[in-house]
Colleague: 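Okay, here's the structure, questions in a sec.
Every chain is numbered from 1, with letters handed out A, B, ... down the list of sequences.
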Amino acid sequence: MADNDLDKYLEDIGISTSEDEGLEPALPDLPVAQEQSLNVAIAPAAALKGSIEERCESFLVHLLLNFDPAYAVEISSAEEELNVDIFGGDPGKIIGRNGRTLAALEYLTNAVVNREELGPRKRINIDVGGYKRRRDERLRGTARKAASRVRKTGFAAELEPMSAAERRVIHMELADDASVVSESAGEGRNRRVVVKPS
Amino acid sequence: MSLELVTYIVQNLVLEPDKLQIGVKRDGRGTRIEISCAPDDAGRIIGRGGRVINSIRTLARAATDGRERIEVHLLD
């Protein structure tokens, strides 16, 4: 997208890119030794409006400008969910260690865009340069391997501790497999999937 | 960048954005962003089990590339 197109696009969705119109006053350079406190003047933000796709795009575009203006988003809408791909810019910065930054971004985007008073909701999935697609493929492989081990040995298999999103991929992969059942066990960071013979 | 980021997110979470106050403290150790909001909006900023505010912290830190220590607090 050419710069002019981008500016026009941002303007259309209520984001001004001109520099003399900054949303916040720049922080003064304070002497670092002494603690200073100041209240920041908050410019009112235009409330998110429109369809869920429009709200999602507007929120993410605005938010990602604070990371790196090189990021761009592409949204595809399925019946029950929105799939967002973020590309351009440094993928590692927005993914974070073990995908933690991406998980936070996805959680917040769902919290903001799916606020109940804004209308019908859809689950929003965010990926960055195919990171989650590759991770999910690897997890589905792990799930199938565990299922085949359980079928062979007749014993339950316990997987590594995983995040809720990762466990979800495992459960989904095994949901159609009548030979095993999967459940989660353990608490907090230690929560893991156990695959059992059915 | 983190300040704008936190402000934008919080503005879009609350029902009463005009009641928001955001303060910044900087010292030798880093930056502390303090948020105060309408009483009924606190739950929206904190989230179930603190998940919303923890996600805000994660993003605020990521936005600085780890160059700076950032704390985000909701004042009551």
Side-chain angles (χ1 to χ4, degrees), chain A residues 15 22-49 55 58-69 90 92-97 99-113 115-118 164 188, chain B residues 1-37 41 43-73 75:
Chain A
I15 298 171
L23 286 177
E24 262 79 43
L27 287 174
D29 281 327
L30 300 170
V32 285
Q34 80 200 85
E35 187 169 279
Q36 297 264 4
S37 175
L38 68 155
N39 270 323
V40 181
I42 303 177
L48 294 173
K49 54 184 187 307
R55 300 198 303 268
S58 170
F59 179 69
L60 281 172
V61 166
H62 196 145
L63 190 145
L64 289 170
L65 278 177
N66 288 301
F67 274 80
D68 180 350
D90 170 13
K93 182 170 176 176
I94 201 77
I95 292 170
R97 194 184 301 162
R100 246 176 259 161
T101 307
L102 178 56
L105 177 68
E106 189 177 75
Y107 186 77
L108 277 177
T109 304
N110 274 286
V112 167
V113 177
R115 279 167 49 173
E116 63 267 32
E117 66 276 7
L118 292 179
Chain B
M1 294 239 260
S2 293
L3 176 63
E4 288 88 340
L5 184 77
V6 171
T7 304
Y8 180 68
I9 294 169
V10 172
Q11 280 177 319
N12 280 292
L13 279 169
V14 298
L15 288 177
E16 297 182 84
D18 49 319
K19 298 263 172 71
L20 280 174
Q21 284 188 320
I22 298 190
V24 176
K25 282 183 183 165
R26 291 175 145 188
D27 64 15
R29 294 189 305 274
T31 301
R32 180 183 165 104
I33 300 173
E34 295 179 336
I35 305 163
S36 74
C37 65
D41 278 330
R44 290 170 170 263
I45 296 175
I46 296 167
R48 204 176 302 156
R51 260 191 96 175
V52 171
I53 193 154
N54 283 332
S55 296
I56 294 174
R57 290 177 178 133
T58 300
L59 287 188
R61 286 169 192 149
T64 69
D65 289 322
R67 285 188 306 258
E68 200 185 352
R69 197 169 124 167
I70 304 270
E71 289 179 33
V72 180
H73 285 273
L75 305 177

Colleague: Pick one of side chain, backbone, both or neither for Y107(A), based on which atoms fall under 4.5 Å of a heavy atom in chain B.
Modeller: side chain
Colleague: Looking at every non-hydrogen atom in both residues, tell me the closest pair between L63(A) and Y8(B) and how far apart they are.
Modeller: N-CE2, 4.1 Å
Colleague: Below 4.5 Å from any heavy atom of chain A, which atoms of V10(B) appear? Answer side chain, backbone, both or neither.
Modeller: neither
Colleague: Going from CG on N39(A) to CD1 on I22(B), what distance comes out if it is rounded to the nearest 0.5 angstrom?
Modeller: 9.5 Å
Colleague: Pick out which of L108(A), N66(A), T109(A) makes a side-chain contact (heavy atoms from CB on, under 4.5 Å) with I9(B).
Modeller: L108(A)
Colleague: Name the option with the most non-hydrogen atom pairs under 4.5 Å to chain A; the candidates are V52(B), I33(B), D18(B), N54(B).
Modeller: V52(B)
Colleague: List the residues meeting salt bridge (charged side-chain N to carboxylate O under 4.0 Å, His left out) with R51(B), not counting sequence neighbours, and say none if there are none.
Modeller: none
Colleague: Give a yes or no answer on whether the side chain of R115(A) reaches the backbone of N12(B) with a donor-acceptor pair at less than 3.5 Å.
Modeller: yes
Colleague: To the nearest 0.5 Å, what is the distance between CD on Q11(B) and NE2 on H62(A)?
Modeller: 8.0 Å
Colleague: With chain A as the partner, which of T64(B), T58(B), L5(B), I56(B) has the greatest number of non-hydrogen pairs under 4.5 Å?
Modeller: L5(B)
